[in-house]
Amino acid sequence: MTKRILALLISLLMIVPFAACGAENTDKQPAETTPQVNGTTAAPETPPAATESDYKPNLPEARFEGEQLVIVHLDPNSSTYQEIYLQADEINGDLLNDAVYKRNMTLEEKYGIEFVNVINSKPHTAISTAAQSQSDEYDLAFPQMMNISSLITSGYLYNFHEFNHVDLSKPYWDQNFNEDITLYGKLYAMVSDISLMTLIGTRGIIFNRDMAKENNLGDPYDLVKNNQWTLDKMIEMAHSVSEDLNGDQTFDDMDRYGMLTESSNYRYFVVASGIDIFTRDADGNPVAGFMNEKTISVIEKWRTVYKDETHAIDYNDLGGTAGAAALDGSKWNYGRQLFARGQILFLQNSPTTFRKITEFGMEQEYGILPQPKYDANQDEYYCMPDYNTTVLVVPSTNDDYDRLDILLEDMAYQSNQTILPTYYETVIKIRRSPVPEVAEMLEIIRNSICYHVGMIYNIDADSLIGQASTSGNISSVFKVGEKRLNAQIKKVAETIQNLP
């Protein structure tokens, strides 16, 4: 795994006052809405000024008079992750909407184009249908990461390394995605600042700061700063706060826990421990890299929390409760409500969950941390996004790649200069965060986002990790599944090698 090379405006991020709090979504979770500013401590809602940067693209002058840039994407009002930031029809006073509008208008006026947004609940299906009919109706698409494998292997997507002006070394393109996902010089999807969904959908650890203090656990922010935020430390803390609050001798949704969790948490903790799910051999072929003693150690450690119903409560255990029923049956939202009520110390999720916690009116102070390191000897943090987040793809039926080449590079740059700083300054810091440490933690998370080829090509390493974690028969599950996994890797490798 590699580290992203960023030229982010860190000094810009650290000068704004703070106010309320927030965090993310899990697989197939309901849509949420951005809360308004509460209280009187929020700074005036003035969008940050865009700045010239050393990485401004050197693009040729071009005009595409009257042409449309047609983008198919999820509905931001109903999708699992809402922070798409592609469409804004007018200035309406919402700072992020207005930043998107400014970016789009800048590009429309500069190039003589018109943005056209096509809302589709299944962008991957829209691209597949268009490709099968040889239609060039879409220029760009933002399908969910977990849905693009068949688009790639069917030859329906364009290779980003074929563009001349798209400079994937620039900080508005995700260099980790480029390095982790490129196979044989081919990259059929990309992550950039054009849409912030992947950043906002990356898993961290949301925590109740007041609960940590009340239980004499110290300040988790200091643990990160002092290189003491490790898997063992998190498990120790999760074991120390549980309590049968109503004294009925049964642990249920009325009690307090160290962790609110789900089975998919395992894969994120494995990656966070510096374990490459896939490595590359000398010829650049993907190779399974996780079936080893360290992975077994991570799973066994985490099972001491996940499998102990006195220290952890699973979202699935909340599904049939009266509390979930009161929230339209949403176990996800009910879990976040328990956190907001002060019953959970740790919640593994991403920054988008902040909205729901804020909506539930949490009175205690909370924040976000990166995923813990395996131990203090680990040099870096590693955080992985949810597979429901979206990636940018270009349909292979498009007949004007020279135009898209220029527009994509400028759109990514303009997004970095307008939408990204507006998100950090306004949404995270002014609206949701009372302390500067939150912005510091978000920057650590942003710099640590990593990926693996199985996420894109549906190679079921994660299912093996899940099976091993659930059953506890880790070595035997890996041994049985290794042959199947290697066969999947070989098939994907052969297919990619034969694509243009």
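Heavy-atom basis, side chains included; hydrogens, waters and symmetry copies ignored.
Using a distance-only test at 3.5 Å, with no hydrogens or angles considered, a donor-acceptor pair links the side chain of Trp229 to the main chain of Pro370. Without hydrogens or angle criteria, Asn208 side chain to Leu345 main chain gives no donor-acceptor distance under 3.5 Å. A donor-acceptor distance shorter than 3.5 angstrom exists from the side chain of Asn227 to the backbone of Ala376, with no hydrogens or angles considered. Here the side chain of Arg303 pairs a donor or acceptor atom with the backbone of Ser469 at under 3.5 angstrom. The main-chain N or O of Cys450 is never found under 3.5 Å from a side-chain atom of Asp180 such that the two would form a donor-acceptor pair. Remark: side-chain polar atoms of Asp462 are not paired, donor with acceptor, to backbone N or O of Gly466 under 3.5 angstrom. Side-chain N or O atoms of Gln144 include one that pairs as donor or acceptor with a backbone N or O of Asn388 at under 3.5 Å. Between the side chain of Asp252 and the main chain of Met254, a donor-acceptor pair closer than 3.5 Å is present. Side chain of Ser415 to main chain of Leu420: no donor-acceptor pair is present (N/O by atom type, distance under 3.5 Å, no hydrogens or angles). Looking only at distances, no side-chain donor or acceptor of Thr198 sits under 3.5 Å from a matching main-chain atom of Val191.
Of the residues Ile205, Ile206, Leu260, the one that meets the side chain to side chain contact (heavy atoms under 4.5 Å, CB included) test with Phe346 is Ile205.
A distance of 12.0 Å separates CD1 in Ile445 from CD1 in Ile200, rounded to the nearest 0.5 Å. Separating the CG atom in Asn316 from the NZ atom in Lys331 is a distance of 3.5 Å, to the nearest 0.5 Å. Atom CG of Leu86 sits about 6.0 Å away from atom CE of Met411, to the nearest 0.5 Å. One distance of note links CD of Glu443 with CD of Glu440; it measures 10.0 Å at 0.5 Å rounding. Interatomic distance, Thr202 OG1 to Met384 CE, rounded to the nearest 0.5 Å: 9.5 Å. Residue Tyr85 holds its OH atom at 15.5 Å from CD1 of Ile194, rounded to the nearest 0.5 Å.
Under a cut-off of 6.0 angstrom, the local environment of CD in Gln228 is crowded, with over 12 non-hydrogen atoms contributed by other residues, nucleotides or ligands. Counting non-hydrogen atoms of neighbouring residues, nucleotides and ligands closer than 6.0 angstrom, the NZ atom of Lys122 reaches no more than 12 such neighbours. Annotation: Lys479, atom NZ; neighbour count of heavy atoms from other residues, nucleotides and ligands within 6.0 Å does not exceed 12.
Taking 4.5 Å as the limit, some side-chain heavy atom of Asp386 sits within range of a side-chain heavy atom of Tyr268. Contact of the Tyr423 side chain with the Leu96 side chain is registered, since non-hydrogen atoms from C-beta on lie closer than 4.5 Å. Within the 4.5 Å cutoff, no side-chain heavy atoms of Pro286 are placed close to those of Val492. Residues Met291 and Leu485 have side chains in contact (heavy-atom distance under 4.5 Å, counting atoms from C-beta outward). Here the side chains of Phe177 and Val391 are in contact, with some heavy-atom distance below 4.5 Å. Between Val453 and Ile277 the shortest side-chain heavy-atom distance does not fall below 4.5 Å. Looking at heavy atoms from C-beta onward, Met145 lies out of side-chain contact with Thr390 at the 4.5 angstrom threshold. A heavy-atom distance below 4.5 Å is found between the side chains of Arg280 and Leu183.
Counting only N and O atoms by type, the side chains of Asp232 and Thr230 include no donor and acceptor under 3.5 Å apart. Side chains of Asp308 and Thr310: a donor on one and an acceptor on the other come within 3.5 Å. Side chains of Ser297 and Tyr374: a donor on one and an acceptor on the other come within 3.5 Å. There is a side-chain donor-acceptor pair under 3.5 Å between Asn292 and Thr295. Neither side chain, Gln364 nor Tyr366, offers a donor N or O lying under 3.5 Å from an acceptor on the other. Side chains of Tyr55 and Asn416: a donor on one and an acceptor on the other come within 3.5 Å. Counted by atom type alone, Gln348 and Arg203 present one or more donor-acceptor pairs between their side chains at under 3.5 Å. If you check the side chains of Asp222 and Asn226, you find no donor sitting under 3.5 Å from an acceptor. For the residue pair Tyr387 and Asn147, no side-chain donor N or O sits within less than 3.5 Å of a side-chain acceptor on the partner.
Annotation for Ile275 and Gly289: closest pair CG2-O, 4.2 Å, computed over non-hydrogen atoms. Counting all heavy atoms, side chain and backbone alike, Thr389 lies closest to Gly201 at CG2-CA, 3.7 Å. Residues Ile368 and Phe207 come closest through the heavy atom pair N-CE2, 3.7 Å. Shown here for Asp255 and Leu245, the closest heavy-atom pair between the two residues is OD1-N, 2.8 Å. Of all the heavy atoms in Gly258 and Ser242, the pair that sits closest is N-OG, 3.6 Å. Across all their heavy atoms, Glu380 and Tyr382 have their closest contact at OE1-OH, 3.1 Å.
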The test is side-chain contact (heavy atoms from CB on, under 4.5 Å); show your working for Thr304 and His239 and say whether it passes.
CA-CA 9 Å; Thr304 66; His239 278 146; 3.7 Å; yes
side-chain contact (heavy atoms from CB on, under 4.5 Å) for Tyr221 and Arg209? Distances and angles first, verdict last.
CA-CA 9 Å; Tyr221 290 136; Arg209 194 181 192 190; 3.5 Å; yes
Evaluate side-chain hydrogen bond (donor to acceptor under 3.5 Å, both in side chains) for Ser330 paired with Asp328, printing each intermediate quantity in order.
CA-CA 6 Å; Ser330 174; Asp328 298 325; over 6 Å; no
What verdict does the salt bridge (Lys or Arg N to Asp or Glu O under 4.0 Å) test give for Asp460 and Arg484, after you've listed the backbone C-alpha separation in whole Å, the side-chain angles of each residue and the deciding distance to 0.1 Å?
CA-CA 9 Å; Asp460 68 351; Arg484 181 178 76 254; 3.3 Å; yes
Just do the side-chain contact (heavy atoms from CB on, under 4.5 Å) check on Ser471 and Asn473 with the steps written out, would you?
CA-CA 5 Å; Ser471 69; Asn473 300 318; 3.8 Å; yes
With side-chain contact (heavy atoms from CB on, under 4.5 Å) as the criterion, how do Leu187 and Asn178 come out once you've worked through the C-alpha distance, each side chain's angles and the decisive distance to 0.1 Å?
CA-CA 7 Å; Leu187 181 67; Asn178 179 19; 3.7 Å; yes
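Ion pairing between Asp193 and Arg446 holds under the 4.0 Å rule for side-chain N and carboxylate O. Using a cut-off of 4.0 Å between Lys/Arg side-chain N and Asp/Glu carboxylate O, Glu300 and Lys294 are scored as not salt-bridged. Classification of Lys213 and Asp219 as a salt-bridged pair fails, no side-chain N sitting under 4.0 Å from a carboxylate O. Of the charged side-chain nitrogens involved, none lies within less than 4.0 Å of a carboxylate oxygen, so that Asp379 and Lys373 do not count as a salt-bridged pair.
Ring centers of Phe339 and Phe360: at least 6.0 Å apart, outside the cut-off. Aromatic ring centroids of Tyr257 and Phe251 lie under 6.0 Å apart. Ring-centre distance between Phe290 and Phe478: below the 6.0 Å cut-off.
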